[in-house]
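This one's a predicted model, so the numbers in the text were calculated from it and none came from an experiment.
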Amino acid sequence: MSVTGIWDLTLATPLGGLHAEIELHDVAGRLTGSARGAGEEVPLRDVVLDGDRLTWSQSVTKPLRLNLDFDVTVSGTTLAGTSRAGRLPRSRVTGTRRAAGGTGVPAPPPGDSQRTHKNGP
């Protein structure tokens with residue numbers, strides 16, 4: 001399964017809903033990426049795909065200075081799971097992969113009458 005591309009995320013946090021995007025790349029068999037949101041761009045650390053489980057860490061300074069750990073399950077063009085910032089409660093995370101070309105419009109779900117882009121095996 002490939003998870004490369006741009007993903008639009010929604011985080012349900014104690015501070016309210018936050019929107020962000022992550023961009024994932026496969027560089028010589030290793031996943032790397034960055035996250036953008038709240039006016040900043042930060043690198044992702046320790047990006048690991050194990051089956052359909054995707055995990056990564058990142059540090060942000062807005063709206064608060066936090067170290068975040070993400071643990072999500074990927075299903076085609078969607079993902080769902082949690083993020084955690086230290087001792088704070090887990091926050092629900094959902095996301096959708098953008099259509100090929102990064103138009104900002106999510107790809108249609110599998111089985112939709114529109115053609116979908118497949119990102120490899």
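- The side chain to side chain donor-acceptor pair (under 3.5 Å) check on D52 picks up nothing, with sequence neighbours excluded.
- Residues that satisfy the side chain to side chain donor-acceptor pair (under 3.5 Å) test with T10, not counting sequence neighbours, are H19.
- Listed here is the closest heavy atom pair of S59 and R45: OG-NH1, 3.1 Å.
- To the nearest 0.5 angstrom, S57 atom OG is 8.5 Å from L68 atom CG.
- Remark: T82 OG1 to L11 CG distance equals 10.0 Å, nearest 0.5 Å.
- L88 is connected to V60 through a chain of hydrophobic side-chain contacts under 4.5 Å among Ile, Leu, Val, Met, Phe, Trp and Tyr, so both are in one cluster.
- For R84, the side chain to side chain donor-acceptor pair (under 3.5 Å) criterion is met by no residue, not counting sequence neighbours.
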* Derivation of the side chain to side chain contact (heavy atoms under 4.5 Å, CB included) call for L54 and F70 -> CA-CA 8 Å; L54 177 65; F70 288 79; over 6 Å; no

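- Connection of V48 to V42 is not established within any shared hydrophobic cluster, with ILVMFWY side chains joined at heavy-atom distances below 4.5 Å, either directly or through further cluster members.
- Of all the heavy atoms in A12 and S91, the pair that sits closest is O-CB, 3.3 Å.
- Sorted by first and then second residue, the salt bridge (charged side-chain N to carboxylate O under 4.0 Å, His left out) pairs involving residues 14-43 (not counting sequence neighbours) are E21-R36, E21-R98, E23-R36, R36-E41.
- Distance CG/L79 to CD1/I22: 6.5 Å, rounded to 0.5 Å.
- The two residues G95 and L9 come nearest to each other via the heavy atoms CA-CD2, 3.9 Å.
- For the residue pair G76 and R97, the shortest heavy atom distance occurs at O-NH2, 3.1 Å.
- Between L44 and S34 the shortest heavy-atom distance is CG-N, 3.7 Å.
- Remark: I6 CD1 to L24 CG distance equals 10.0 Å, nearest 0.5 Å.
- Partners of R53 by side chain to side chain donor-acceptor pair (under 3.5 Å), not counting sequence neighbours, listed by chain and number: D71.
- In this structure, CH2 on W7 lies 11.5 Å from OG1 on T94, to the nearest 0.5 angstrom.
- Applying the salt bridge (charged side-chain N to carboxylate O under 4.0 Å, His left out) test to every pair with at least one member in residues 57-69, sequence neighbours left out, gives no pairs at all.
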